[in-house]
Amino acid sequence: MVAAAAALAPRVVGGAALEVDRVSHAFDIDGQLLPVLNNVSFTVAPGEFVALLGPSGCGKSTLLRLVAGLEPPRAGSLSEDGVPITRPYPSRVVVFQDPTLFPWRTVWQNVALGLQAQGILKRERARVDAALDLVGLAKFRNAYPHQLSGGMAQRVALARALVNDPRILVLDEPLGKLDSLTRIAMQTEILSLWQRSGFTSLLVTHDVEEAVFLATRIIVFSDRPATIKAEIEVDRPYPRHRGDPALAELRHRILGLLGADATW
Amino acid sequence: MSTFSASESGLGTSRRPLSLRAAARRSDEGRLARRVAAGLAAGATWAAFGASCLWWDDLGDWSRTQALAIGAFVVAAAVVIAAAAWPPGRGGDQITRRLPWLTLLGAVLAVWELATAKFGWAPLPFFPPPQAILEVYTDDMPKLAASVLASVKLQLGGYAIGAAAGFLTGVAIGCSRAVGYWVHPVLRFIGPLPATAWLPIAFFVFPSSLSASTFLIALATGFPVTVLTWSGVASVSPAYHDVARTLGASRWFLITRVAIPGALPHVFVGLFMGLGASFAVLVVAEMIGVKAGLGWYLQWAQGWAAYANMYAALIVMSLLCSGAITLLFKTRDRLLVWQKGVVRW
């Protein structure tokens, strides 16, 4: 792992700033417009780790698709370091809830996907190996996705994102389908990757504890169409402790905002 | 843990406890005994087949009866020796698995021999004995071989053209709305028409019967390949496209590295269906227009009431078609190793 980190070290490019400016979006379902985002504005400073929390189906994942450039917003604009986002670009890489590894590619070929798509794989093969080392899956380079466990597959997806040296890493509930032990291990892994590489992170999650444990700032959304309900700084140093009473207090407050604190 | 990993890695034999090793040896011995018994049964039916050739006189005038009998005895001896002497292992298990079929085959051949050549239970010109078919293979080989060559050439050419055209059309429809708009109606209108319906037109539109047949075989192959390739491209999850796009994929990359690999399992179903359809067209085209090939040979044999030649050609044809499908499935297994649970041919 140390060697792999050293291999990555010279290529630390740092995070980019992200600006979301008065963005509204709606889906067209059988001719009916279903509003999902309503006048959402926020900025993320370079290297920040921002978590987006909100009720299920409120439009958080849609916002991530807009950040990735997979769709244009119906109103408002998004920009990366001041440059408007109009299409997908590998400086903003998404890790989805499902690993969506290509079943016909081996682990190594999956991780190499981005470099191959950009036409630089021949020069940069070592980066693929380094990324696999980084997530601890070098031994599985020739395995096919159906031979991996859920946690391993998601780690491959993470390596596939990181190999592109993203300046903004977009995480769409990447740990949502993992068992709780794997989830805890991967939270720590994501945190150390973020600290090492310095990219900006944007994380959508349902897990309040995860958001509190990872993020420097948490944005809480309302029900659909989503508006920003609260922005909360998590002013605790890393490494954080899951039992930290300050984090527990914060968690209680956020659950209150989401209307789910009755049993806590 | 150690026994678990040992048995999983397949290195366990040397580390097995003694009682287990003894049990394994006993089961190996039992397996060998069963294989030898099955081998003797198979040898017996083949020897009976050989004896049935020699014991009674032939009803007709066939020149290969003795050769057939010798061949049957050779097979009988080979089967018994292989069953008894082959070392245990995968090869031995393969032999064991085939022995019941060999036994049945010997018995069927013996009954066939008796029913035709010896006692005439089956009416004679229509049901030739095994030695008559053997006679075709030895005496009419040049003509038969030329027919096989002509058929294979025609089939290969037509199938390759049809498969390539169908694949490209299917990918184009699947990846481009504009292509879909123009091609889909044509496909719906022309595709379901049996390719043989074009026969009369094709034979006067095309300069030669060979090019006409090639076109018809390509048409029969192309339709299923097009439809299945198209549906394969359409079935690739949009999530894969999203992932590739966020990683910087161009449109060309999305087609060649996402849509086509994702569609391949469907494409092979189309290639399989196209192969079946093209065999039918091949035989009909050869019977009607082309003056060469196995279909023509069948037609010619029927014209001369040479029924033994017909059966001989049918057997060759069946081996060729089955071989072509085996080849297709082997190719698929190679290309689609990443898939779980594919059907074995």
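Here the structure is a predicted model, which means the values were calculated and not measured. Just so it is clear: chains get the letters A, B, ... in the order the sequence lines come, proteins before strands, and each one is counted from 1.
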Engineer: If I measure from the heavy atoms of chain B, does A:Arg65 come under 4.5 Å with its side chain, its backbone, both, or neither?
Structural biologist: side chain
Engineer: For A:Leu101, is it the side chain, the backbone, both or neither that has a heavy atom under 4.5 Å from a heavy atom of chain B?
Structural biologist: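 Only the backbone of A:Leu101 comes within 4.5 Å of chain B.
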Engineer: What part of B:Tyr240 gets closer than 4.5 Å to chain A, counting heavy atoms only: side chain, backbone, both or neither?
Structural biologist: both
Engineer: Measuring heavy-atom distances to chain B, does A:Gln116 have an atom under 4.5 Å in its side chain, in its backbone, in both, or in neither?
Structural biologist: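 Looking at A:Gln116, backbone and side chain both touch chain B.
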Engineer: Pick out which of A:Val95, A:Leu113, A:Asn110 makes a side-chain contact (heavy atoms from CB on, under 4.5 Å) with B:Val243.
Structural biologist: A:Leu113
Engineer: Which atom pair, heavy atoms only, marks the closest approach of A:Gly69 to B:Arg245?
Structural biologist: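 Nearest heavy atoms, A:Gly69 then B:Arg245: O-NH2, 4.2 Å.
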Engineer: Need one label for A:Phe102: side chain, backbone, both or neither, based on atoms under 4.5 Å from any heavy atom in chain B.
Structural biologist: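 Its backbone and side chain both get close to chain B.
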Engineer: Heavy-atom count around A:Tyr89 OH within 6.0 Å, excluding the residue itself: above 12?
Structural biologist: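 For A:Tyr89, atom OH is not crowded (no more than 12 foreign heavy atoms under 6.0 Å).
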Engineer: Within a reach of under 6.0 Å around CZ of A:Arg224, are more than 12 heavy atoms found that belong to other residues, nucleotides or ligands?
Structural biologist: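 No.
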Engineer: Nearest heavy-atom pair of A:Trp104 and B:Gly262: which atoms, and what distance?
Structural biologist: CZ3-CA, 3.5 Å
Engineer: Closest heavy-atom contact between A:Ala117 and B:Ala249?
Structural biologist: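 Looking at all heavy atoms of both residues, the shortest contact is CB-CA, 3.7 Å.
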Engineer: Counting heavy atoms not belonging to A:Phe140, are there more than 12 under 6.0 Å from its CZ?
Structural biologist: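 Open: at most 12 neighbouring heavy atoms sit under 6.0 Å from CZ of A:Phe140.
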Engineer: Calculate, to the nearest 0.5 Å, the distance between atoms CG and OG1 belonging to A:Leu64 and B:Thr246 respectively.
Structural biologist: 11.5 Å
Engineer: How far apart are the closest heavy atoms of B:Ala239 and A:Thr100, and which atoms are they?
Structural biologist: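 That closest heavy-atom pairing would be CB-CG2, 3.6 Å.
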